[in-house]
Enquirer: 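Structure provided below as structure tokens; questions to follow.
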Amino acid sequence: MKSQVLEKKVVSAKHSLEIVSLNIEGYEQVLKVVDSQAGLTAIIAIHNTALGPALGGIRIYPYATFDAALKDVLRLAKGMTYKSAVAGVGFGGGKSVIIADPKKNKTAQLLLAFGAAVEQLQGQYICAEDVGCCVEDVKIVRKATRYVVGLPNAKSSGDPGPFTAWGTYRGICATAKHLFGTDSLEGRTVAVQGLGNVGTHLVSNLFWAGANVIVADLDMIKAQKLASQFRVRIASASEILQAECDILAPCAMGAVLNNDTVAKLRCKAVAGCANNQLLDDSHADVLRSRGILYAPDFVINAGGLLNVAAELEEEGYNPALSRNHVNRIYNTLTSVYTISDRTGESTHDAAVALANYRIRYGVGKRVMPPTFHHIIEE
Ligand code: NAD
């Protein structure tokens, strides 16, 4: 990854924070953030703010190298731009990664130092939870910055997981409708990879819809817990992607659709919540050529974004409004499938074109600045 150091500054006396601005083509701002005392090395990437301030989660992950973290955050930030544009929330795309093992190195000091860096951006980047970072962690980040959403309090929207799961479930229904002419999941087989904040709720939604569910997680205890609750079938983490099923729902990490896996898939569609499922955009074409319908991740997994965005509306957070917005994912995804059928391009390309159109013409651009109700009430 080619980057150029633009500027280096020590930010505050309280935190021994150093922020280095990297010049990355196609991105508005990319910052490397280091606080050696707090053990923090992080990257904040702001891809595009044409429609509003950048909003995106904090991922805490033990990346093997800085370049691997940079590559991930750049892809994730760009995905957030597309996701926000298609969801029409009036936000731009951004993301942050903290290079750390969330089980071992996630200290309050580290989270506070990260929050101080977010505060420096004065609202250009608004953060929330993501993989390796829970709402309790976000609560600590909040002590150092006001630019936080998804806090566990009455003024905030809390855990986005159940909303992402519901949006993904509605997207799976739309996918079934496109494939089978009915959106009933009764008797359909859905394989879910990853049983975290989102996957667990998705399995529950699928159970109540009458689907046959196959689950897998690297953590066998999570899989066994769901198996005993819903009597779902467990597959091993190495087998789940090749499970014979109607719909495969990747709900773990990104890049699961790659040269190794796509040829071995035994599903009719891929529709899950994981970000950046395609290793490369070209894998969407391979899926299409194999006759596998692909639900673009940034369209189907927008439920959590829609929920946290609702918190920043002037009138305050209303879960019923969020629910109405999340239910719209069904129609948005159906439109993407229809456009792809008409143009012959992949569903991923159709969704990217839709996002770029909205960005170019300012469709859904934010006119009112976001309101941080948790600050007003404090
Ligand atoms: P999580 O960290 O709570 O759960 C991820 C789960 O996947 C963990 O249980 C982990 O053990 C499992 N896992 C990891 N690698 C695996 C593998 N190879 N095989 C099987 N299981 C594996 O994360 P989450 O919040 O549930 O998010 C899941 C995905 O959805 C992520 O890609 C995230 O970026 C994306 N996403 C989440 C939200 C949200 O609201 N949380 C919103 C949009 C997108």
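Indexing begins at 1, ligand by ligand and atom by atom, following the structure's order. Start at 1 with the first residue, then count along the sequence.
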Enquirer: Show the atoms of ligand 1 that are less than 4.0 angstrom away from any heavy atom in Pro160.
Expert: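 In order of numbering, the contacting atoms are 40 (O).
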Enquirer: Under a 4.0 angstrom heavy-atom cut-off, which atoms of ligand 1 come close to Cys273?
Expert: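 Going through ligand 1 atom by atom, the ones under 4.0 Å from Cys273 are 29 (C), 30 (O), 35 (C), 36 (N), 44 (C).
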Enquirer: Could you check whether atom OH of Tyr61 has more than 12 heavy atoms from other residues, nucleotides or ligands sitting under 6.0 Å from it?
Expert: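 Incorrect, the count does not exceed 12.
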Enquirer: Does ligand 1 come near enough to Ala252 that some N or O of the ligand is less than 3.5 Å from an N or O of the residue?
Expert: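 Yes; at least one N/O pair falls below 3.5 Å.
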Enquirer: Tell me, which protein residue and heavy-atom name are nearest atom 28 (C) of ligand 1, and how many Å apart are they?
Expert: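 Scanning the protein heavy atoms, the shortest distance from atom 28 (C) of ligand 1 goes to Cys251 O, 3.3 Å.
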Enquirer: I'd like to know if Asp183 pairs up with Lys177 as an ion pair, taking the criterion as any Lys NZ or Arg NE/NH1/NH2 lying under 4.0 Å from an Asp or Glu carboxylate oxygen.
Expert: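 No, this pair does not count.
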Enquirer: Using atom types as modelled and distance alone, determine if a side-chain donor or acceptor of Lys106 lies under 3.5 Å from a backbone N or O of Gly132.
Expert: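 Checking the backbone N and O of Gly132 against the side chain of Lys106, a donor-acceptor pair under 3.5 Å is found.
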Enquirer: Could you check atom 2 (O) of ligand 1 against the protein and tell me its nearest heavy-atom contact, residue, atom and distance included?
Expert: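 Sorting protein heavy atoms by distance from atom 2 (O) of ligand 1 puts Val131 CG1, 3.8 Å first.
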Enquirer: Applying a 4.0 Å heavy-atom criterion (strictly less than), which segment of Thr164 is in contact with ligand 1: side chain, backbone, both, or neither?
Expert: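 Only the side chain of Thr164 comes within reach of ligand 1.
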Enquirer: Under 4.0 Å, counting heavy atoms only: does Gly254 come that close to any atom of ligand 1?
Expert: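 Gly254 does not count as a contact of ligand 1 under the 4.0 Å cut-off.
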Enquirer: Below 3.5 Å, N or O to N or O, backbone or side chain included: is there any such pair between Lys83 and ligand 1?
Expert: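 N/O-N/O distance below 3.5 Å does not exist for this pair.
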Enquirer: In terms of the angle between their ring planes, are Phe298 and Tyr82 parallel, tilted or perpendicular, with boundaries placed at 30° and 60°?
Expert: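 Correct class here is tilted.
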Enquirer: So is there a nitrogen or oxygen of Asp219 less than 3.5 Å from a nitrogen or oxygen in ligand 1?
Expert: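 No, Asp219 has no N/O under 3.5 Å of an N/O on ligand 1.
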Enquirer: So which heavy atom in the protein is nearest atom 3 (O) of ligand 1, and how far is it from that ligand atom?
Expert: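 Looking only at protein heavy atoms, the one closest to atom 3 (O) of ligand 1 is Asn197 N, 2.9 Å.
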Enquirer: Do side-chain atoms of Asp217 reach the backbone of Gly194 as a donor and acceptor pair under 3.5 angstrom?
Expert: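 Side chain of Asp217 to backbone of Gly194: no pair is present.
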Enquirer: Nearest to atom 39 (C) of ligand 1 by heavy atom, Leu76, Val256, Val198, Ile240: which?
Expert: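 Looking at heavy atoms only, Val198 sits closest to atom 39 (C) of ligand 1.
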Enquirer: Considering residues, nucleotides and ligands other than Glu315, do more than 12 of their heavy atoms fall under 6.0 Å from its CD?
Expert: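 Counting neighbours around CD of Glu315, more than 12 heavy atoms of other residues, nucleotides or ligands fall under 6.0 Å, so yes.
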Enquirer: Quick check: Arg59 and ligand 1, any N/O pair under 3.5 Å apart?
Expert: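 N/O-N/O distance under 3.5 Å: yes.
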Enquirer: Nearest protein heavy-atom contact for atom 17 (C) of ligand 1: which residue, which atom, what distance?
Expert: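 Going atom by atom, the protein heavy atom closest to atom 17 (C) of ligand 1 ends up being Leu218 CG, 3.6 Å.
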Enquirer: Donor-acceptor pair, Thr347 side chain versus Tyr337 backbone, under 3.5 Å?
Expert: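 No: the side chain of Thr347 does not pair with the backbone of Tyr337.
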Enquirer: With no hydrogens and no angle check, do the side chains of Ser282 and Asp280 hold a donor and an acceptor under 3.5 Å apart?
Expert: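 Distance-only check passes for Ser282 and Asp280.
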